[in-house]
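Step one of this worksheet: look at the structure below.
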Amino acid sequence: MTRSLLAMAPILPQQMEELEQHFSVIKLWKETDPEDTLHARSKEVRAILSTYNGPKISKRLMGALPNLEIVCQYGVGVNNIDLAEAERRNIAVTYTPDVLTDDVADTAMGLVLAVMRRLCEADMFVRVGQWTQNSSAFPLGSSLTRKTMGIVGLGRIGRAIARRAEAFGMDIIYFGRKKKNDVPYTYFDDLAEMAAKCDVLMLSCVGGEETNQLINAEILNALGAKGVLINIARGSVVDEAALIEALVTKQIAAAGLDVYAKEPYVPEELLKMDNVVLLPHIASATSETRAVMGELVIENLLAHFDGRALISPVL
Ligand code: 8YV
């Protein structure tokens with residue numbers, strides 16, 4: 001039987017070519033009738049290449065693929081995969097942790113700088129000729145030094161952000177499932193309490209049910225009128241309507257977002273605000289990192305089909 005890989009979204013072209021040397025690759029996003037293709041080729045699919053923004057790897061989808069053995073996520077967040085169902089079916093799941101940590105943390109700090117020092121607004125000020133026409137100076141930004149960053153989720157990425165923020169002279173506090181004994185930062189088991197203590201609330205936690213709309217009106221209110229929200233985690237972590245309301249009513253000062261509730265849709269209200277910086281989910285988007293993420297996907301697939309241990313299993 002043909003050994004097919006069901007690819008939910010594209011990866012770098014040269015890596016797609018490499019995959020095609022080992023598998024018959026079904027490029028689902030290119031199919032005119034994906035349902036029909038899935039139905040016709042369901043028995044030959046042994047592996048899935050998934051991404052956070054492709055179709056969900058649901059119980060229903062896995063149920064339609066009787067010979068599915070492995071799901072390889074091109075990314076670190078795996079909230080698009082029904083892990084419980086994969087475990088029940090004994091389907092292996094891999095992901096790409098570590099290799100993207102530094103780039104994601106860099107993007108997080110980029111957003112902090114862009115928002116607090118108003119870099120995007122300042123760029124526009126120059127481009128539209130306001131600097132030469134307008135004798136009034138560009139409005140002042142806020143220092144990072146001596147400010148407090150409260151990190152929600154001190155995992156690999158949260159820690160990498162903390163190290164960078166420390167280098168910028170910021171104090172670090174954090175909230176998460178449990179206290180970590182190997183960090184010098186103050187732990188909060190109450191998110192509202194931490195939000196009230198920080199200038200920058202940085203979201204670097206997992207997505208999915210357990211963090212769904214964790215950042216609601218109460219937390220934003222606690223963050224306060226000088227507070228800045230940065231989200232490089234998942235859009236689902238924030239109640240977007242509450243965020244818009246908090247920004248409109250100046251309950252919080254500003255926000256920097258790489259992720260949204262319904263990507264690639266970004267609410268109209270946010271597009272009109274000059275105190276928000278909006279990125280199109282690019283935290284891991286460098287040629288270097290995307291290349292290693294793709295390599296890790298391929299290595300995991302080959303390891304599985306060669307009967308070797310997986311390199312980065314989730315389950
Ligand atoms: C995407 C991400 O994987 O790793 C994650 O969880 O959200 C991103 O790095 C990347 O955009 C490729 O789809």
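Below, all heavy atoms of this structure are taken into account, side chains as well, without hydrogens, waters or symmetry copies.
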If you look at every heavy atom in [X] and [Y], which pair is closest and at what distance?
X      : Y      : value
Val115 : Ala255 : CG2-O, 3.5 Å
Val259 : Ala233 : CG1-O, 3.6 Å
Ala105 : Ile157 : CB-O, 4.4 Å
Ile161 : Ser204 : CD1-CB, 4.0 Å
Ala192 : Ala222 : O-CB, 3.5 Å
Ser284 : Arg290 : OG-NH2, 3.0 Å

[X] side chain near [Y] side chain, heavy-atom distance below 4.5 Å:
X      : Y      : value
Met8   : Leu61  : yes
Leu302 : Arg308 : yes
Pro97  : Ser312 : yes
Leu310 : His304 : yes

Under 3.5 Å, is there a donor-acceptor pair between the side chain of [X] and the main chain of [Y]?
X      : Y      : answer
Thr289 : Ala285 : no
Thr51  : Gly54  : yes
Asn80  : Asn53  : no
Asn216 : Ile219 : yes
Asp123 : Leu119 : no
Asp258 : Ala283 : yes
Glu263 : Tyr260 : yes
Asn221 : Gly224 : no
Thr96  : Gly75  : yes
Thr211 : Val206 : yes

Just to verify, what does [X] make a salt bridge (charged side-chain N to carboxylate O under 4.0 Å, His left out) with, not counting sequence neighbours?
X      : value
Glu299 : none
Asp171 : none
Arg164 : Asp102, Asp106

Cluster question for you: counting only ILVMFWY and a side-chain heavy-atom cut-off of under 4.5 Å, with indirect links fine, are [X] and [Y] together?
X      : Y      : answer
Val276 : Ile232 : no
Met149 : Val152 : no
Ile57  : Val297 : yes
Leu220 : Val237 : yes
Tyr74  : Ile48  : yes

Does a sphere of radius 6.0 Å around [atom1] in [X] hold more than 12 heavy atoms from other residues, nucleotides or ligands, not counting ones at 6.0 Å or beyond?
X      : atom1 : result
Gln14  : CD    : yes
Arg117 : CZ    : no
Leu140 : CG    : no
Lys179 : NZ    : yes
Asn90  : CG    : no

Report task. Walk me through it: do Phe168 and Leu113 pass the test side chain to side chain contact (heavy atoms under 4.5 Å, CB included)? Result -> CA-CA 10 Å; Phe168 278 93; Leu113 280 165; 3.8 Å; yes
Query raised in the report: Yes or no on side chain to side chain contact (heavy atoms under 4.5 Å, CB included) for Asn275 and Glu121, after CA distance, side-chain angles and deciding distance?
Result: CA-CA 8 Å; Asn275 55 342; Glu121 278 176 85; 5.7 Å; no
Requested in this report: Please test Leu296 against Ile311 for side chain to side chain contact (heavy atoms under 4.5 Å, CB included), starting from the C-alpha separation and ending with a verdict.
Outcome: CA-CA 8 Å; Leu296 194 46; Ile311 293 109; 3.6 Å; yes
**Report entry** Working for side chain to side chain contact (heavy atoms under 4.5 Å, CB included), residues Ile70 and Phe305
**Finding:** CA-CA 9 Å; Ile70 184 167; Phe305 287 103; 4.0 Å; yes
Distance (rounded to the nearest 0.5 Å) between [X] [atom1] and [Y] [atom2]:
X      : Y      : atom1 : atom2 : value
Met109 : Leu144 : CE    : CG    : 5.5 Å
His39  : Glu35  : NE2   : CD    : 10.0 Å
Leu6   : Glu44  : CG    : CD    : 10.0 Å
Leu201 : Ile252 : CG    : CD1   : 8.5 Å
Met16  : Ile298 : CE    : CD1   : 9.5 Å
Thr94  : Leu49  : OG1   : CG    : 9.0 Å

Considering residues at least two apart in sequence or located in another chain, which fulfil the side-chain hydrogen bond (donor to acceptor under 3.5 Å, both in side chains) criterion with [X]?
X      : answer
Glu218 : none
Ser24  : Arg41
Thr107 : none

Query raised in the report: Between His281 and Tyr52, is the gap from one ring center to the other below 6.0 Å?
Result: yes
Query raised in the report: Can you tell which of Val277, Val200, Ile230 makes a side-chain contact (heavy atoms from CB on, under 4.5 Å) with Met116?
Result: Val200
Query raised in the report: Looking at Glu20 and Lys27, does any basic side-chain N land under 4.0 Å from a carboxylate oxygen?
Result: yes
Query raised in the report: Between Glu166 and Arg163, is there a salt bridge with N-O shorter than 4.0 Å?
Result: no
**Report entry** Aromatic plane relationship, Tyr187 with Tyr174 - under 30° parallel, 30 to 60° tilted, over 60° perpendicular
**Finding:** tilted
**Report entry** Derivation of the salt bridge (Lys or Arg N to Asp or Glu O under 4.0 Å) call for Asp98 and Arg156
**Finding:** CA-CA 7 Å; Asp98 302 312; Arg156 299 180 187 84; 2.9 Å; yes
